[in-house]
Amino acid sequence: YRLMHVYPQGSPDGIGRPLTDKEIWNSDAPVLFVPGHGGSYNQTKASAAQALVESRSLHGGVRLNFFAIDTLEVPSGLAAELLWSQANFINICIKIILKEYEKRSDGKNVNIPSSVLILAHSMGGMAVRAAPLLPNYQIGSIGAIVTLNTPHLAHPFGGDGNLEEFYERVNAFWMLESSWVRMNNDQLPQPTLSNIVIASIAGGSRDHVVRGDLTSLYRLTPKGRSIH
């Protein structure tokens, strides 16, 4: 896998030249795109371009700095091992992004991001939701997750035993109250999911691969922590 920086289509400066470090590690809020089953990191170029258009129309609104994971277009929906490996790499990428932002600040009085917004398509959303279960996850490093047509409740085609176990483990963790809030002891560490909000967007009635009901987050998060 590779971590890529996404240059928005339609940007006015330097389309025909490599970006400088200053242009890559700018003051914009970091977004990490995770493609789905057989997906490409190039899918996020349109989103990056639209975000640029919106930021220009908001007169000082938050600008977004897009990164993406090149998953080599592997069929992640067919093997739990691929989803776990992507989850591990997501945590690595987030750590690199936040560390680079901190390093490029050079001690200046600027707002250094402490978390990343995740945009994920299809099975990429499940890889993102699996990331907090792994030892290399840094609590608080994911601020928000937006999933596009992700089958949260179950695999759309049933899957094998390993995929069923993957779903059971991830969803059980997200349904635990202790994953979100401290339980009767203020001395306990910060709960793993305590600062995450998540939005799930379905593909609509014309999507015959991932049914709309599978994209629901019902009972997977506490009230007020998800939109679907």
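At a cut-off of 3.5 Å, with distance as the only test, a side-chain donor of Arg129 or Asn171 sits close to an acceptor on the other residue. For the residue pair Asn65 / His5, a side-chain donor-acceptor distance below 3.5 Å is found, with atom types taken as modelled.
Of all non-hydrogen atoms in Ser226 and Thr221, the two that sit nearest each other are OG-OG1, 2.6 Å. Residue Gly125 comes nearest to Thr150 through the heavy atom pair CA-OG1, 3.6 Å, listed as atom of the first residue, atom of the second, then distance. What you find for Ser178 and Pro191 is that their closest heavy atoms are O-CB, 3.7 Å. Considering all non-hydrogen atoms of both residues, Ala48 and Val6 come closest at CB-CG1, 4.1 Å. Counting all heavy atoms, side chain and backbone alike, Tyr1 lies closest to Ser85 at OH-OG, 2.9 Å. Considering all non-hydrogen atoms of both residues, Pro151 and Met126 come closest at O-SD, 3.7 Å.
In this structure, OG1 on Thr147 lies 7.5 Å from CD1 on Ile201, to the nearest 0.5 angstrom. Interatomic distance, OG1 of Thr192 versus CD1 of Ile139, reported as 4.5 Å (0.5 Å rounding). If you take CZ on Arg2 and SG on Cys93, they are separated by 11.5 Å, rounding to the nearest 0.5 Å. Here the OG atom belonging to Ser200 is positioned 11.0 Å from the CD1 atom belonging to Ile145, to the nearest 0.5 angstrom. Distance check: Leu133 CG to Trp84 CH2 gives 5.0 Å after rounding to the nearest 0.5 Å. Rounded to the nearest 0.5 angstrom, Lys99 NZ and Lys95 NZ are separated by 5.0 Å.
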>> Go through it in stages, so that I can follow the logic: the residues are Leu64 and Asp28, the test is side chain to side chain contact (heavy atoms under 4.5 Å, CB included), and I'd like the CA-CA distance, side-chain angles, deciding distance and then a yes or no.
In response: CA-CA 5 Å; Leu64 302 178; Asp28 302 344; 5.7 Å; no

>> For Asp213 and Leu153: C-alpha separation, side-chain torsions, deciding distance, then whether side chain to side chain contact (heavy atoms under 4.5 Å, CB included) applies.
In response: CA-CA 8 Å; Asp213 60 305; Leu153 293 181; 5.7 Å; no

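Tracing side-chain contacts under 4.5 Å through hydrophobic residues (I, L, V, M, F, W, Y), one never reaches Phe173 starting from Val197; they form parts of separate clusters. Tracing side-chain contacts under 4.5 Å through hydrophobic residues (I, L, V, M, F, W, Y), one reaches Phe157 starting from Val210; they form part of the same cluster. Under the 4.5 Å side-chain heavy-atom criterion for ILVMFWY residues, no single connected hydrophobic cluster contains both Leu214 and Tyr218. No continuous path of ILVMFWY side-chain contacts below 4.5 Å connects Tyr41 to Phe67, so the two sit in separate hydrophobic clusters. Note on Ile24: it clusters hydrophobically with Val116, by side-chain heavy-atom contacts below 4.5 Å among ILVMFWY residues.
Side-chain atoms of Ile94 and Gln138, non-hydrogen and from C-beta on, never get closer than 4.5 Å to each other. Here the side chains of His121 and Pro35 are not in contact, with every heavy-atom distance at 4.5 Å or above. In this structure, the side chains of Leu217 and Trp174 stay at 4.5 Å or more apart for every pair of heavy atoms. Side-chain contact between Phe33 and Ser47 is absent, with no heavy atoms from C-beta onward closer than 4.5 Å. Annotation: side chain of Gln86 is not in contact with side chain of Ile69 (no heavy-atom distance under 4.5 Å). Looking at heavy atoms from C-beta onward, Ile90 lies out of side-chain contact with Tyr137 at the 4.5 angstrom threshold. The shortest side-chain heavy-atom distance between Ile97 and Leu3 falls under the 4.5 Å cut-off. Residues Thr215 and Asn149 are in side-chain contact: their nearest non-hydrogen atoms beyond the backbone lie under 4.5 Å apart.
With Met123 as the partner, the side chain to side chain contact (heavy atoms under 4.5 Å, CB included) test is satisfied by one option alone out of Thr71, Leu83, Leu78: Leu83.
For the pair Arg211 (side chain) and Pro156 (backbone), a donor-acceptor distance under 3.5 Å is absent. The main-chain N or O of Asn88 is found under 3.5 Å from a side-chain atom of Asn136 such that the two form a donor-acceptor pair.
The environment of Ile227 atom CD1 is sparse: at most 12 non-hydrogen atoms of other residues, nucleotides or ligands sit within 6.0 angstrom. When the shell of 6.0 Å around CD of Glu100 is examined, it contains more than 12 heavy atoms from other residues, nucleotides or ligands.
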